[in-house]
Amino acid sequence: MTFKMKITIKTPPNFNFHRTVLSHGWCALLPFELDKEKWKLVRVLDRGQTKPITIEITATRTGLTINTSRTVGKRAAESIVRDVRHMFRLDDDLTQFYAAMAADSDFAWITDQGAGRLLRSPTVFEDLVKMICTTNCSWALTEKMVTALVNELGEESDDGRKSFPTAETMAKQTAAFYRDKVRAGYRAPYFSELAQRVASGELDVEGWLKLDLPHDSFMKEMKRVKGVGNYAAENLLKLVGRYDGLALDSWTRAQFAQLRNHGRAASDKKILRFYARFNSWRGLALWCDMTRHWLNPENIAKW
DNA sequence: GCGTCCAGGTCTACC
DNA sequence: GGTAGACCTGGACGC
């Protein structure tokens with residue numbers, strides 16, 4: 001497609017575009033699309049009352065370049081910059097994290113490479129819905145559910161790509177829709193209930209970004225959403241900037257066994273003990289540790 | 001092609 | 001508070 005307008009953003013000195021884009025699976029879920037040959041991340045952004053806009057993000061030595069699918073005014077451009085800063089965690093202060101990692105020879109590569117910024121969606125609502133789509137199923141099914149949500153309910157951008165549906169749009173659909181069209185199975189009623197709670201204002205998930213609660217209370221709050229258990233809540237906590245939970249699932253347990261326990265299964269307590277020295281950063285330390293090899297050339301080809 | 005089994009995380013009922 | 005079984009899909013496997 002032809003891009004109409006270019007916006008640039010300066011990034012922090014330790015920012016690593018590749019590590020952030022491939023920090024976890026979100027770059028492979030619509031409305032993100034990754035061109036791994038050219039290292040371009042495409043994203044459709046919801047613009048509220050107006051048509052969604054498609055942006056293409058690439059990295060330069062000192063910043064990000066954003067090409068947009070149409071020319072926009074100053075306010076819209078500022079809003080796009082806000083969304084990109086949010087998605088790439090450009091305003092997260094990781095100073096203490098990097099200091100802790102640099103002090104441990106096994107983890108110093110994280111500081112050296114500027115890993116640890118976990119890509120997120122422009123809204124907590126989108127991250128929450130996607131997180132529920134990752135529970136209790138294969139990654140292929142997660143992709144299928146998210147693709148159906150975007151294709152069935154998203155709004156078209158200038159280039160025909162679609163945005164992620166808003167809570168208001170999702171609230172209008174029945175559980176049968178999520179079961180039959182999205183193939184969400186038993187999660188179907190969870191989606192309609194969640195969307196209705198958010199759309200009505202009863203549940204303010206965007207407020208989680210500024211919510212200052214102890215870990216256990218925060219977990220309790222997130223688990224009030226049906227379909228969110230320990231794994232989903234601890235992963236969501238990472239996306240709002242809290243890293244004290246390990247978010248263990250079958251994949252991370254298997255990875256730990258392979259990379260840190262001579263191929264033998266380890267108890268959750270043992271995994272917790274291993275990363276306990278990183279205190280409130282332990283969840284992020286674990287995730288970086290388990291995904292270090294993702295940027296090896298032979299692994300990039302698999303994305 | 002069909003039937004069966006299994007993995008995956010959360011919910012609910014029960015102890 | 002802890003636990004067993006149900007939930008649902010898709011892939012692997014055997015026939």
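Reminder, nothing fancy here: chain letters follow the sequence lines and each chain counts from 1.
- Within 4.0 Å of A184(A), counting heavy atoms only, lies no atom of the nucleic acid at all.
- The aromatic ring centroids of F177(A) and F191(A) lie 6.0 Å or more from each other.
- In this entry the distance linking CG of D180(A) with C1' of dT9(C) reads 13 Å, nearest Å.
- When distances are taken from the side chain of K144(A) to each of dG9(B), dC11(B), dG10(C), the shortest belongs to dG10(C).
- For an aromatic pair to be called close, the ring centres must be under 6.0 Å apart, and W139(A) with W26(A) fails this.
- L128(A) has its CG atom 12 Å from the P atom of dT10(B), to the nearest Å.
- Nearest to the side chain of Y231(A), among dT9(C), dG9(B), dC11(B), sits dG9(B).
- Atom CE in M219(A) sits roughly 14 Å away from atom P in dG9(B) (whole-Å rounding).
- Look at OH on Y186(A): it is 9 Å from P on dC11(B), rounded to the nearest Å.
- Residue-environment remark: CG (D91(A)) exceeds the threshold of 12 foreign heavy atoms within 6.0 Å.
- In the set dT12(B), dG9(B), dG10(C), the nucleotide with an atom closest to the side chain of K226(A) is dT12(B).
- Here the P atom of nucleotide dT12(B) and the CG atom of N136(A) are 14 Å apart, to the nearest Å.
- Among E56(A), E126(A), E33(A), the single residue meeting the salt bridge (Lys or Arg N to Asp or Glu O under 4.0 Å) criterion with R43(A) is E126(A).
- When each of dC11(B), dG10(C), dT10(B) is scored by its nearest atom to the side-chain atoms of L141(A), the top-ranked nucleotide is dG10(C).
- The residue K223(A) sits apart from the nucleic acid: no heavy atom pair falls under 4.0 Å.
- The side chain of R183(A) has dG10(C) as its nearest neighbour among dG9(B), dG10(C), dC11(B).
- Within the nucleic acid shown, S250(A) comes within 4.0 Å of sugar-phosphate atoms alone, with no base atom in reach, counting heavy atoms only.
- If you take CG of D268(A) and P of dG2(C), they are 14 Å apart, rounded to a whole angstrom.
- Following rounding to the nearest Å, Y190(A) (OH) and dC8(C) (P) show an atom-to-atom distance of 9 Å.
- The nearest heavy atom of DNA chain C to R187(A) and to A140(A) marks one nucleotide each, and the one closer to the 5' end goes with R187(A).
- Taking the ring centre of F274(A) as origin, the terminal cationic atom of R277(A) falls inside the region bounded by 6.0 Å and 45° from the ring axis.
- Among the atoms of the strands shown, only primed sugar atoms or phosphate atoms (P, OP1, OP2) are found under 4.0 Å from some heavy atom of V225(A).
- Taking atom CG of N230(A) as the reference point, atom C1' of dG1(C) lies 13 Å away to the nearest angstrom.
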